[in-house]
Amino acid sequence: MRKFIAVLIVFFAFASVSLAAKNPFVSYDVTETKRSFSDHRECITQIFLAADGYVGYRYREDVHGSITPTVQSLAFSNEYRRKATIKEQNELVRELLEANVFGLVSETKPAKWNYYSHLDVRLNDRDATFFFYSPPQSSSRKTIHEIMANFAKRMKVDVPTDKAKAITTTEGDQQPARQVQLAEVLTHPEKYHGKRISVVGYYHGEFEGNSLSVDEHASRSNDYKRSVWRSEPSTFAYKAAIKDKNNSWLRVEGVFLRGPGGHLSLWPGEIVRLTRVEPVPKPR
């Protein structure tokens, strides 16, 4: 009898190790647009269990427009700081399989959408990728969404380690803009971080490159240190106030964010939520 029990213990221990040894991988991303009469933002959540057992959680709010006096947004990342134990990995695998994760069906991509979700799973000997363009409605999708959210909570990665540092406070898009030289902003980025500014610079826009520079030479030579990334107009900007023109001098009004920013974080700062763009003569 003792020998039989010992064999069972070895068998279950081997089975447990065998399950985790298959390197489960799960990645769940959700991008949701939230819009009200005074605020428009995208909220992006990413949860993953990597094949090496590390877990991760990323959350970011990208504000596209807001007309309240001040605006707060949250962004933080907790990734590759903790490994899930074999037991924790197996528990997630079991929950997803019991929820029939491989029975999900991807949705057809519509012309427009305000919600996007991507689920990539590799469990045991099966793997699949799913795409969704609407919030969870079916019981299976709701269950799997809850499973991933609860997994992040159990791993204690779904909250920032320092919430104060994770919050960015900026001025609203209808607050008065400070007229200042672009060189001054680049010299003292901390002073103008989160503030509405009005600056003149030479603009050159291309794929993955939207530079507003202190002069034409900085623009032509891709001198990022003397330029800022120029983002898109605010959702609440008046269309008549956006008179864009490439390869020209422009006055731009928007919210300045200290960098690194822009594509590949190459720029020392960026101007976002633009409310005014207009051509101006070359400064003397």
Side-chain angles (χ1 to χ4, degrees), residues 5 7-35 41-62 74-161:
I5 294 174
V7 170
L8 284 178
I9 293 174
V10 171
F11 172 78
F12 285 117
F14 175 79
S16 176
V17 172
S18 177
L19 180 61
K22 292 182 183 294
N23 299 323
F25 172 84
V26 185
S27 178
Y28 183 55
D29 302 347
V30 176
T31 300
E32 185 173 10
T33 299
K34 297 183 178 180
R35 188 165 183 172
R41 65 185 64 200
E42 276 188 342
C43 303
I44 304 169
T45 305
Q46 298 173 300
I47 308 169
F48 68 83
L49 168 66
D52 56 7
Y54 278 102
V55 298
Y57 188 97
R58 308 182 190 104
Y59 181 80
R60 187 177 80 245
E61 294 176 352
D62 292 334
L74 180 67
F76 67 95
S77 176
N78 292 324
E79 51 185 324
Y80 299 106
R81 297 177 183 176
R82 148 153 204 204
K83 266 192 172 183
T85 64
I86 293 176
K87 180 180 178 181
E88 291 167 336
Q89 293 180 54
N90 289 343
E91 183 176 1
L92 177 62
V93 172
R94 176 186 58 78
E95 290 176 339
L96 290 172
L97 291 176
E98 288 180 353
N100 192 25
V101 65
F102 291 109
L104 294 174
V105 178
S106 292
E107 295 179 338
T108 302
K109 185 178 180 179
K112 294 182 180 180
W113 65 89
N114 291 321
Y115 182 97
Y116 170 75
S117 178
H118 168 232
L119 175 64
D120 193 1
V121 292
R122 184 177 68 234
L123 309 177
N124 297 341
D125 296 322
R126 298 186 64 182
D127 62 88
T129 301
F130 304 98
F131 302 93
F132 307 102
Y133 300 93
S134 64
Q137 299 293 333
S138 66
S139 59
S140 58
R141 278 195 59 201
K142 287 181 179 179
T143 299
I144 290 168
H145 182 88
E146 292 174 0
I147 287 172
M148 294 307 300
N150 289 333
F151 172 71
K153 189 178 293 293
R154 290 199 303 270
M155 297 297 102
K156 299 180 180 180
V157 294
D158 63 332
V159 293
T161 54

> Check whether any side-chain heavy atom of T31 sits under 4.5 Å from a side-chain heavy atom of D29, and report yes or no.
no
> Where is the tightest heavy-atom contact between Q89 and A84, given as atom of each residue plus distance?
NE2-O, 3.1 Å
> Work out which heavy atom in F76 is nearest to a heavy atom in V157; give both atom names and the distance.
CE1-O, 4.0 Å
> Got F48 and D120 here, is their nearest side-chain heavy-atom distance under 4.5 Å?
no
> What distance separates K83 NZ from T85 OG1, expressed to the nearest 0.5 Å?
11.5 Å
> Are the side chains of E79 and Q46 in touch, meaning some heavy atoms are under 4.5 Å apart?
no
> Ring centres of F151 and Y57 under 6.0 Å apart?
no
> Before you tell me yes or no, could you show the steps for R81 and T161 under side chain to side chain contact (heavy atoms under 4.5 Å, CB included), namely the whole-Å CA-CA distance, both residues' side-chain angles and the distance that decides it to 0.1 Å?
CA-CA 12 Å; R81 297 177 183 176; T161 54; 3.8 Å; yes
> Say whether, by atom type as modelled, one donor and one acceptor occur between the side chain of E61 and the main chain of L74 under 3.5 angstrom.
yes
> Distance check, rounded to the nearest 0.5 Å: S27 atom OG versus M148 atom CE?
7.5 Å
> Give me the atom names and distance for the closest heavy-atom approach of F132 to V105.
CE2-O, 3.4 Å
> Supply the atom-to-atom distance K142 NZ to Q137 CD, rounded to the nearest 0.5 angstrom.
6.0 Å
> For the side chain of R122 and the backbone of N23, is there at least one donor-acceptor N/O pair under 3.5 Å apart?
yes
> Measure the CD1-CZ distance between I47 and R58 for me, rounded to the nearest 0.5 Å.
11.0 Å
> Other residues, nucleotides and ligands only: do more than 12 of their heavy atoms fall within 6.0 Å of CZ on F131?
yes
> Let me see the working for V26 and L123 under side chain to side chain contact (heavy atoms under 4.5 Å, CB included), right down to the final yes or no.
CA-CA 8 Å; V26 185; L123 309 177; 4.0 Å; yes
> Of all the heavy-atom pairs spanning S117 and R141, show the shortest one and how long it is.
CB-NH2, 4.5 Å
> Give the minimum heavy-atom separation between M155 and R82, together with the two atoms involved.
O-NH1, 3.3 Å
> Compare all side-chain heavy atoms of Y115 with those of V30 and state whether any distance is below 4.5 angstrom.
yes
> First locate atom NE2 of H145, then atom CG of N150, and finally report the distance between them rounded to the nearest 0.5 Å.
9.5 Å
> Decide yes or no for I147 and L92: does some side-chain heavy atom of the first lie under 4.5 Å from some side-chain heavy atom of the second?
yes
> Parallel under 30°, tilted from 30 to 60°, perpendicular over 60°: which one fits the rings of W113 and Y133?
perpendicular
> Checking E32 side chain against C43 main chain: does a donor-acceptor pair fall under 3.5 Å?
no
> Could you give the distance from CG (N100) to OG1 (T143), rounded to the nearest 0.5 Å?
10.5 Å
> Over all heavy atoms of both residues, which pair between S140 and A99 is shortest? Give the atoms and the distance, please.
CB-O, 4.3 Å
> So do H118 and T129 actually touch side chain to side chain, heavy atoms under 4.5 Å?
yes
